[in-house]
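What follows is one structure encoded as structure tokens, with my remarks underneath.
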Amino acid sequence: MSDLLFYLLATALVIFSLLAVHVPNLLHAAIALIASFFVTAAIYIMLEMEFLALAQIMLYIGGIVIFMLIIILLTTGIGEERRLPVTISRRLAGAGLAALFLGGLIVAFGRWTPPAPAGTNPAVSLDAIGLRLLATQNGFVVAFELISVLLLTALVGAVVIARKDKGETP
Amino acid sequence: MTLSHCIVLALILCAIGVYGLLSRRNLIGLLLSVEVMLNGANLNFAAFAHFRATDPVAGAIFPVFVMAVSACEMAVALAIVIALYRGRRQLDVRSLEELRG
Amino acid sequence: MVEQILNHSYLALFFPLAGFIIIGLGLGRESRKLASAVAIAMATLALCSSLALAWAYKLTVLEQPGLYPDQTLVATRTSWLNFAPGMSADMGVLLDPISVMMLLVVTSIAFLVTIYSIGYMRHDPGFVRFFALLDLFVFAMLGLVLATNILQMFVFWELVGVSSYTLIGFWYEKPAAVAAAKKAFIVTRFADAFFLLGIIVISQQAGGFDFSLLNSPAIATLLNHQVAILGLDVNLLSLTSLLIFAGGWGKSAMFPLHVWLPDAMEGPTPVSSIIHSATMVVAGVYLTARMFPLFAAAPGTLTVIMTVGALTALFAAVIAITQKDIKRILAFSTLSQLGYMMFSLGVAKTTPGGDILVFGYSASMFHVFTHAFFKCMLFLGAGAVIHAVHAGDLEQMGGLRRRLPWTYCAMLTACLAIAGIFPFSGFWSKDAILLAALASGHLLVFAVALVTGGLTAFYMFRLFFLTFHGAPRHGHTDPEDPWMTCAIVILTVPTVFAGGLEHLFTATVIPALPAPLVHSQAAWLPWLASGVGLTAIAGAWALYGQGDLRLATRLCQRLGLAHRIIFNKFYLDEAYLFVTRRLIFAGLAQPAAWFDRQVVDGAMDLCATILQAGGQTIRCLQNGQLQVYLGAAIFGVFFLLTFVYLI
């Protein structure tokens with residue numbers, strides 16, 4: 001049952017991801033990306049990572065991809081990709097290199113032997129994540145604060161970069 | 001569902017991202033492909049945390065950091081895209097070659 | 001008080017340097033009043049400090065002969081460059097009879113020339129620059145005179161060369177002035193190269209730079225051996241002393257390196273007066289005197305000095321007779337007098353103990369002293385004449401006696417002094433030199449000196465009569481300038497009375513003289529010299545005194561070729577030009593330039609071309625296409641994986 005569900009989800013994920021990178025229309029691609037993220041969230045739930053599934057939906061879909069949709073609508077608009085047609089040879093070259101990449105990685109993975117016997121960890125509780133994230137002992141509080149500073153810097157940087165230069169005609 | 005399945009799935013996502021990066025011509029399409037690749041990486045974190053890691057909490061926290069960094073990247077990318085678009089009215093990466101030798 | 005003065009002896013150097021910095025860097029081009037005020041203030045302060053220094057020296061050294069047997073006092077000394085332990089180049093102030101004498105001469109003449117220049121340069125656009133450079137020269141000259149070691153002397157030696165160069169080329173918009181400045185610099189540099197070589201050899205052998213060390217008999221003994229150089233067997237002591245003397249050879253413009261001095265007259269007249277007659281050109285004589293114990297110990301060196309000096313004295317006097325430009329005549333006269341000083345040193349001798357024994361040394365220094373005043377005055381007078389008639393050619397002068405009465409009287413004194421007429425200062429010093437030549441037994445040199453004395457009297461009075469007597473040959477004449485007249489009149493005093501100081505020179509410069517040579521030993525000599533001088537003056541009067549030049553012109557025509565050769569200075573300038581242009585430039589420099597451009601530069605260009613072509617080839621990889629880079633990176637990952645896992 002669980003295996004069947006995983007295969008289904010995995011197939012859906014691969015298909016949606018392919019659509020996201022393949023379809024000419026960027027708006028459609030973004031919607032496909034949202035779908036693939038939903039499927040990923042489902043896989044996280046299967047892996048007993050409820051917190052991650054939530055973050056995936058709220059952060060990724062609710063924040064980042066919506067953000068991306070705004071960019072798309074602000075700049076290119078619907079059907080923009082038609083103005084920039086992708087030739088078949090380019091697709092083949094991309095696919096070939098990606099296949100080489102995948103093949104190489106799978107071969108490398110096949111050579112890898114896991115260091116310890118397989119098993120399953122218990123589910124990670126939300127409490128544990130929250131405590132660990134802000135713990136000073138063996139925790140991630142420094143990384144957490146750094147990420148917040150990084151976000152702030154990125155915000156300011158984005159404002160500076162996107163601002164119109166003085167004297168520039170719109 | 002085993003660790004190997006999840007890893008192979010993550011690798012496939014990564015390869016799809018590579019394909020998108022190489023074949024897309026629009027700058028936003030490139031950003032989209034990067035998100036696909038990052039998604040694969042996150043999946044890997046979660047899979048290892050679930051099946052093998054001695055410290056599963058860390059495995060659950062790392063994807064959160066990835067998402068945060070990805071949000072930063074999007075914010076800056078948005079600014080760059082808007083600045084570029086204002087200057088040249090299109091976002092073809094092949095025409096963005098001011099840094100050529 | 002005396003202690004204080006000696007401790008602060010560097011102040012004499014400091015004031016001119018301060019003047020140079022204040023005027024040169026602090027004042028604008030139009031602040032003429034301020035610049036002249038600063039220049040006079042600094043010259044006065046330098047003069048006062050040097051007088052104080054001389055007074056302190058007299059009280060400390062001369063009145064306590066037991067304490068300072070060699071009469072040398074190092075008042076200030078600081079270590080400047082430490083080459084090695086025990087071998088350092090110092091900067092300091094050395095006081096001994098000749099340096100104190102030069103100190104007084106330089107500062108007093110600088111003071112008078114500063115006053116004079118305020119009048120002479122009044123309408124010149126470079127007024128402020130002139131005083132800055134003049135102060136730089138005075139600083140450099142004092143540093144040279146007071147040097148405690150040969151390296152310090154060389155540093156200031158070059159510095160006076162530089163200031164001389166800038167002042168000769170002061171009117172740099174005149175091509176002749178620029179050419180003259182270049183010539184002076186190159187000729188003296190040529191000589192200085194040998195000087196530097198000599199310094200290197202002797203300091204390497206002696207292990208130090210101090211004059212007291214270099215002049216010690218031990219160094220002379222150390223160097224006195226034969227070495228083989230380029231297959232020639234030469235005495236190292238002679239070689240070294242000649243190399244050092246070569247510096248003085250160029251600076252004092254001895255034949256055949258004299259060519260720069262007449263051309264240097266392109267500079268402003270006050271400059272000719274202080275640099276090219278009174279002080280800088282005697283630096284060569286001063287160097288010879290400073291290193292005299294070493295030179296005297298070297299076999300042959302003194303003979304060379306004597307020969308060169310006598311030759312220059314006669315040679316320059318002969319040329320001076322034919323010249324037409326007032327300043328050129330004075331320049332050749334300077335050359336001739338420098339020759340006097342030089343051969344006077346050459347005929348001097350030292351005792352085996354190292355003390356300077358014979359009269360020539362003090363006579364030479366005495367002549368340096370008197371010559372500085374009367375020659376400075378001659379130049380200042382000539383400047384006043386040029387200032388009045390706006391020309392330097394004797395043919396445009398004449399009859400200036402009534403127009404320039406002060407200058408006329410002053411010039412007459414100076415001409416009488418240089419001609420060696422009793423009781424003016426030149427009489428005493430020339431007499432001393434003649435006596436030294438006679439006493440040394442070099443009768444040929446004595447004869448040359450006597451003849452040159454007669455020629456000197458002749459050409460000086462030729463100049464004098466052509467300028468001031470006869471009918472005027474010019475139009476408008478400007479009146480005398482009060483500043484200039486003031487300086488000239490003050491100079492009359494030492495010109496007339498400096499001869500009275502002779503006993504100071506014989507008493508202090510040569511303390512070891514067992515029985516002082518006095519004039520009574522050759523009582524006929526002053527009579528003979530004066531007779532020659534007066535005859536020459538009478539001859540000049542006969543030829544030029546009435547303003548009737550027909551006799552002189554006929555004489556020139558009669559002499560024909562000889563006159564032409566002499567008038568063209570024996571064609572030495574042309575010979576130099578031939579050697580430099582035709583032989584060195586065409587034969588050496590141009591092939592070298594070709595080699596440099598074609599071969600050396602060509603090799604460099606080839607390297608550059610190869611690299612550039614390589615860059616052109618590789619730059620297409622850096623095409624700015626993001627996806628090409630990414631593809632390359634992906635391929636690299638694949639290659640690495642293959643390399644690690646499959647092989």
Side-chain angles (χ1 to χ4, degrees), chain A residues 2-3 6 10 14 17-18 20-21 26 29-30 33 37 40 43-44 47-49 51-52 55 59-60 63-64 67-68 71-72 74-76 80-81 84 86 90-91 93-95 97-98 101-102 105-106 109 116 118 120-121 124 128-129 132-133 140 143 147 150-151 154-155 157-158 161-162, chain B residues 1-3 5-9 11-26 28-29 31-33 35-36 39 42-43 46-47 49-53 56-58 60-61 63-65 67-72 74-83 85-86 90-92:
Chain A
S2 156
D3 278 352
F6 178 77
V14 170
S17 297
L18 269 176
V21 300
L26 278 177
L33 189 67
F37 284 167
T40 317
I43 293 177
Y44 286 154
L47 293 171
E48 299 176 309
M49 297 275 174
F51 173 71
L52 265 189
L59 266 179
Y60 247 126
I64 297 170
F67 215 30
M68 207 177 278
I71 308 177
I72 294 168
L74 265 178
T75 57
T76 54
E80 173 65 25
E81 195 78 345
L84 298 172
V86 180
R90 198 172 174 79
R91 288 197 186 284
L97 269 174
F101 181 68
L102 183 63
L105 282 176
I106 286 178
F109 174 65
T120 311
N121 282 319
V124 178
I129 292 176
R132 192 69 189 284
L133 199 56
F140 293 93
I147 285 288
L150 179 69
L151 271 167
L155 269 176
I161 294 172
Chain B
M1 189 174 78
T2 62
L3 179 60
H5 288 99
C6 289
I7 290 175
V8 169
L9 181 58
L11 288 180
I12 290 171
L13 285 184
C14 231
I16 290 171
V18 166
Y19 163 71
L21 277 176
L22 288 176
S23 60
R24 286 267 188 209
R25 280 180 71 181
N26 193 303
I28 300 170
L31 292 173
L32 231 136
S33 312
E35 293 307 324
V36 173
N39 199 26
N42 280 350
L43 192 60
H50 179 69
F51 288 111
R52 192 162 298 277
V57 183
I61 286 174
V64 181
F65 286 145
M67 287 174 203
V69 173
S70 160
C72 296
M74 269 309 135
V76 178
L78 168 73
I80 292 174
V81 163
I82 286 179
Y85 188 72
R86 192 189 297 139
Q90 54 127 334
L91 292 169
D92 185 2

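By convention in this document, chain letters (A, B, ...) are assigned in the order of the sequence lines, proteins followed by strands, and residues within each chain are numbered from 1. Please read these numbers as outputs of a predicted model, since none were measured by experiment.
- For F101(A), there are no ring pair (Phe, Tyr, Trp, His ring centres under 6.0 Å) partners two or more places apart in sequence or in a different chain.
- Using a 4.5 Å cut-off between heavy atoms, L105(A) contacts chain B through both its backbone and its side chain.
- Proximity to chain B involves both the backbone and the side chain of F140(A), based on heavy atoms less than 4.5 angstrom apart.
- Put simply, the side chain of H5(B) gets close to the backbone of T2(B): a donor and an acceptor are under 3.5 Å apart.
- Residue contact with chain A, scored on non-hydrogen atoms closer than 4.5 Å, involves the backbone and the side chain of I12(B) alike.
- Side-chain atoms of F6(A) and C6(B), non-hydrogen and from C-beta on, do get closer than 4.5 Å to each other.
- Across V8(B), L22(B), I80(B), the residue that shares the most heavy-atom pairs under 4.5 angstrom with chain A is L22(B).
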What do the steps show when you test F65(B) against I147(A) for side chain to side chain contact (heavy atoms under 4.5 Å, CB included), and what is the final call?
CA-CA 7 Å; F65(B) 286 145; I147(A) 285 288; 3.7 Å; yes
Between I129(A) and M49(A), does the side chain to side chain contact (heavy atoms under 4.5 Å, CB included) criterion hold? Intermediate values first, please.
CA-CA 11 Å; I129(A) 292 176; M49(A) 297 275 174; over 6 Å; no
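- Side chain of R24(B) to backbone of L31(B): no donor-acceptor contact under 3.5 angstrom is found.
- Of the atoms belonging to I43(A), it is side-chain heavy atoms, and not backbone ones, that fall under 4.5 Å from chain B.
- Across Y19(B) and A95(A), no two heavy atoms sit closer than the pair CD1-N, 3.4 Å.
- The contact between L18(A) and chain B is made by backbone and side chain atoms together, counting heavy-atom distances below 4.5 Å.
- For Y44(A), the ring pair (Phe, Tyr, Trp, His ring centres under 6.0 Å) criterion is met by no residue, not counting sequence neighbours.
- With chain B as partner, the option from I106(A), L97(A), L151(A) having the largest number of non-hydrogen pairs under 4.5 angstrom is L151(A).
- Ranked by heavy-atom pairs under 4.5 Å with chain A, the first of A58(B), A15(B), A68(B) is A15(B).
- Each of V57(B), V18(B), L43(B), N39(B) has some count of heavy-atom pairs under 4.5 Å with chain A, and the biggest count is that of N39(B).
- Among N42(B), L32(B), V69(B), V76(B), the residue making the largest number of heavy-atom pairs under 4.5 Å with chain A is L32(B).
- What you find for P56(B) and A49(B) is that their closest heavy atoms are CB-O, 3.6 Å.
- Of all non-hydrogen atoms in A46(B) and L52(A), the two that sit nearest each other are CB-CD1, 3.9 Å.
- In this structure, chain B has heavy atoms under 4.5 Å from both the backbone and the side chain of V21(A).
- Heavy-atom distances place the side chain of L9(B), and not its backbone, under 4.5 Å from chain A.
- With a threshold of 4.5 angstrom between heavy atoms, L78(B) approaches chain A through its backbone and through its side chain.
- Highest contact tally toward chain A, considering only I7(B), V81(B), I82(B), V64(B), is held by I7(B) [criterion: heavy-atom pairs under 4.5 Å].
- Proximity to chain A is limited to the side chain of I61(B), based on heavy atoms less than 4.5 angstrom apart.
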